[in-house]
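Following: one structure in structure tokens, then a few remarks.
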Protein chains: 2
Amino acid sequence: MCGLADAATAIYVTVPLSGITKVQMADERAEMKVSLRDVAKQAGVSPMTVSRVINNAVSVRQETRERVEKVIASLGYIPNRLAQGLISQRTGTIGLIIPDVANPFFALVLRAAEITARREGYRLLVCNTEGDVGLERDYIHNLISHQVDGLIIAPVGDRSRSGLLPLIRRKYPLVLLDRSAEGIECDLVQGDSLGGAQRLVQHLIALGHRRIAMILGPDDVSTTRERYAGYCEALNTAGLPLDRDLIAETTVDLPGGYRAMQQILRLDERPSAIFAVNNMTALGAMQALREQGLSVPESVGLVCFDDVEHLAILAPFMTVVDQPAEAFGSMAAQMVLERIARRANEKPRLVRLPTKLIVRVSCGAGLGR
Amino acid sequence: MCGLADAATAIYVTVPLSGITKVQMADERAEMKVSLRDVAKQAGVSPMTVSRVINNAVSVRQETRERVEKVIASLGYIPNRLAQGLISQRTGTIGLIIPDVANPFFALVLRAAEITARREGYRLLVCNTEGDVGLERDYIHNLISHQVDGLIIAPVGDRSRSGLLPLIRRKYPLVLLDRSAEGIECDLVQGDSLGGAQRLVQHLIALGHRRIAMILGPDDVSTTRERYAGYCEALNTAGLPLDRDLIAETTVDLPGGYRAMQQILRLDERPSAIFAVNNMTALGAMQALREQGLSVPESVGLVCFDDVEHLAILAPFMTVVDQPAEAFGSMAAQMVLERIARRANEKPRLVRLPTKLIVRVSCGAGLGR
DNA sequence: TTGTAAGCGTTATCAC
DNA sequence: GTGATAACGCTTACAA
């Protein structure tokens with residue numbers, strides 16, 4: 001079992017399926033790697049002719065082409081993209097670096113980007129940073145060495161800068177997604193964090209909430225800053241004070257939200273509503289509340305940025321500011337493809353996608369507070 | 001905006017950021033591609049010495065190594081993996097083909113596989129088939145041409161066979177995940193579909209349900225067959241009749257569940273509970289129920305295979321048979337890495353991971369039916 | 001410890 | 001229409 005067993009204590013049954021016979025093993029040699037040269041030899045033509053056939057070049061006699069194609073099929077020949085890429089200087093691959101695929105927002109981004117890329121004949125090399133700047137830097141290095149034709153990155157934060165700088169210097173086709181990185185000027189697809197946060201908090205205020213807490217991420221992250229600014233602005237406009245006690249800074253993930261909520265619950269004077277900087281922190285917050293036997297929205301209101309996919313269907317519960325995740329993905333893919341197509345020195349573009357306030361019940365709407 | 005505009009009607013603002021100056025453009029030439037030869041020339045050594053340095057070979061004098069490393073850093077040299085792969089016959093890349101990244105089950109699989117692969121220095125090329133066998137076949141072809149060192153595939157179904165056959169013939173390191181494909185013998189990581197379904201339906205029966213419908217996928221999919229078998233067995237053991245009217249066959253996705261539910265709702269004699277073959281069909285079913293103004297579990301019970309991540313936290317609602325998605329991913333990655341390490345002719349292995357019945361409220365437990 | 005030559009699998013270029 | 005040759009960026013094998 002060699003290392004399998006300790007990987008997952010969860011193994012249930014391990015059964016060797018029916019074995020491979022000696023007869024089949026004899027075939028082994030026959031299925032060795034076949035290269036373009038092998039095809040050429042078999043077909044009695046030069047390698048160049050085979051190359052022309054697989055690239056659909058016009059100047060090949062129909063008869064020759066058919067003969068070559070027959071050999072290709074019979075040998076099961078598949079061109080080697082490493083060799084092709086080495087000479088053509090393009091791999092048909094785009095790197096996608098995101099903090100967490102299991103976050104529904106990024107899962108949708110990924111899917112949309114993949115679909116868009118595929119339409120243009122590109123594939124996606126996906127990397128998960130888990131919010132780790134060091135890993136992010138490693139991945140960038142890695143993807144460059146793999147000669148990806150372009151890069152879409154949802155950076156961890158401003159500290160991503162040093163890792164991104166080499167890409168800027170090389171004028172690598174690069175699109176930043178969701179978050180910006182201070183000092184990095186390149187194409188950028190963002191949501192309207194400021195406006196979205198503002199409307200969300202305004203909504204809470206309109207419902208009668210006066211003490212509104214915010215769970216936010218590190219100041220290093222642009223979306224956190226913008227959403228915090230929206231929060232402040234909404235309070236300010238309503239003439240409400242900004243109470244530092246009500247601000248809980250944490251990491252932008254589920255455990256972070258959990259911890260932040262615990263901190264908020266320790267306050268002497270608790271808030272009547274909480275605005276979480278994103279969906280994962282809201283889930284963590286929810287978990288902490290549940291453990292304390294507190295219910296939403298009866299005990300406290302809870303709203304956040306980013307919808308939690310699928311949840312809306314099962315239990316339309318959380319009031320959120322939704323972002324068009326799929327548009328983020330397809331837009332970013334499209335922009336990076338355009339950069340690849342004309343590697344020119346065009347000015348960086350900023351695309352800002354709109355948010356949508358979705359009022360459900362978690363904010364206490366309809367409770368007549 | 002050249003094609004950007006029609007991509008997403010959702011564009012909000014598009015702003016060119018501050019431009020790139022002529023002075024910076026002068027640098028452009030300086031940042032041209034640097035190769036191992038360039039480093040060698042700069043450092044006054046042969047290409048081989050540079051190669052030895054980047055591969056941490058022992059036989060390099062410390063002084064030489066440092067000199068080379070300094071040049072590497074100053075030139076920002078990054079080795080070209082295409083060239084390395086072409087000669088070493090390995091790319092450090094594993095292909096992962098799944099039907100849908102946005103399905104929480106596969107998102108977790110992906111993340112776990114990625115983490116496991118990274119620990120061993122491998123990267124993941126991720127492909128989404130959207131349940132399309134044709135696309136799946138294309139992707140397999142594609143990944144082979146990219147010279148991936150191994151492949152993890154959650155096949156669409158039995159019809160994936162012809163696409164998988166070439167891999168078997170080449171003895172490509174291959175692990176099938178979640179679903180098997182008829183006639184394909186290779187490593188396989190599966191859940192206990194039969195047992196899980198059986199326990200789930202037994203639970204419904206214990207709660208007093210007598211008319212239990214099932215939403216299932218095409219007969220082509222192994223998990224569907226096994227879960228259906230579990231359903232039949234549970235009914236049989238309890239002495240309940242198997243009513244063909246209560247079986248709705250559909251596609252294994254959200255729209256599929258939606259359609260199947262509509263079909264079930266048209267029955268003269270409706271079931272008191274429904275077993276959906278997976279989480280996505282359950283979500284679709286839920287949507288259809290909601291549109292009809294029917295509530296779960298009051299109007300009808302609804303249970304399914306696969307937990308819906310995050311949902312349990314927000315609203316512990318759906319009774320499910322949960323599968324350890326992360327174990328699926330890390331196990332599959334580990335198995336394919338082992339195949340890569342020793343490309344030997346080992347017999348195919350079957351790993352079956354256990355399921356867990358999680359009773360919540362959607363089944364009508366506690367309603368005193 | 002370091003260097004030389006050949007070649008991985010493909011294509012650009014220029015002949016024929 | 002087709003082929004010979006060099007080259008993409010690197011490493012293996014051998015020599016010095």
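Throughout, a chain's letter reflects where its sequence line sits, starting with A, and its residues are numbered from 1.
- Distance B:Ile144 CD1 to C:dG9 C1': 16 Å, rounded to the nearest Å.
- Under the side-chain hydrogen bond (donor to acceptor under 3.5 Å, both in side chains) criterion, A:Ser74 pairs with no residue, sequence neighbours left out.
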Evaluation steps, side-chain contact (heavy atoms from CB on, under 4.5 Å), between B:Arg90 and B:Tyr122: CA-CA 11 Å; B:Arg90 55 174 297 281; B:Tyr122 282 78; 3.4 Å; yes

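- By the 4.5 Å heavy-atom criterion applied to side chains, B:Ile153 and B:Tyr139 are not counted as neighbours.
- No salt bridge links B:Lys171 with B:Glu346; every basic N to acidic carboxylate O contact stays at or beyond 4.0 Å.
- Among residues two or more places apart in sequence or in another chain, the side-chain hydrogen bond (donor to acceptor under 3.5 Å, both in side chains) test is passed with A:Arg67 by none.
- For the residue pair A:Leu125 and B:Arg123, the shortest heavy atom distance occurs at CD2-CB, 4.3 Å.
- C:dG9 atom P lies 10 Å from atom OH of A:Tyr77, rounded to whole Å.
- Between B:Arg61 and B:Glu66 no salt bridge is recorded (no basic side-chain N to carboxylate O distance below 4.0 Å).
- The two residues B:Leu188 and B:Arg179 come nearest to each other via the heavy atoms CD1-O, 3.8 Å.
- Rounded to 10 degrees, the angle between the two end axes of the helix from C:dT1-D:dA16 to C:dC16-D:dG1 is 30°, with five pairs used at each end.
- Take B:Glu136 and apply the side-chain hydrogen bond (donor to acceptor under 3.5 Å, both in side chains) test, not counting sequence neighbours, and it matches B:Ser160.
- Following rounding to the nearest Å, B:Lys33 (NZ) and D:dC10 (P) show an atom-to-atom distance of 11 Å.
- One interatomic measurement links the two molecules: NE2 of B:His146 to P of C:dG9, which rounds to 17 Å at whole-angstrom precision.
- Whole-Å rounding puts the A:Leu36 CG to C:dG7 C1' distance at 15 Å.
- Contacts between residues 78-94 of chain A and DNA chain D, defined by a heavy-atom separation under 4.0 Å, are made by A:Leu86, A:Ile87, A:Gln89.
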Is there any protein nitrogen or oxygen under 3.5 Å from a nitrogen or oxygen in nucleotides 1-5 of chain C, and what are the pairs?
residue: C:dT2; atom: OP1; partner: B:Arg61; partner atom: NE; Å: 3.4
residue: C:dT2; atom: OP1; partner: B:Arg61; partner atom: NH2; Å: 3.3
residue: C:dT2; atom: OP1; partner: B:Thr64; partner atom: OG1; Å: 2.4
residue: C:dT2; atom: OP2; partner: B:Arg61; partner atom: N; Å: 2.8
residue: C:dG3; atom: OP2; partner: B:Ser46; partner atom: N; Å: 3.0
residue: C:dG3; atom: OP2; partner: B:Ser46; partner atom: OG; Å: 3.1
residue: C:dG3; atom: OP2; partner: B:Thr49; partner atom: OG1; Å: 2.6
residue: C:dG3; atom: N7; partner: B:Arg52; partner atom: NH1; Å: 3.2
residue: C:dG3; atom: O6; partner: B:Arg52; partner atom: NH2; Å: 2.5

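- Picking from C:dT11, D:dC10, D:dT11 the nucleotide with the shortest atom distance to the side chain of A:Ile54 gives C:dT11.
- Listed for the A:Asp187 side chain is a donor-acceptor partner under 3.5 Å among the backbone atoms of A:Arg349.
- Atom CG of A:Asp38 and atom C1' of C:dG9 are 10 Å apart (whole Å).
- Checking B:Arg81 against B:Thr91 by side-chain atom types alone, no donor-acceptor pair falls below 3.5 Å.
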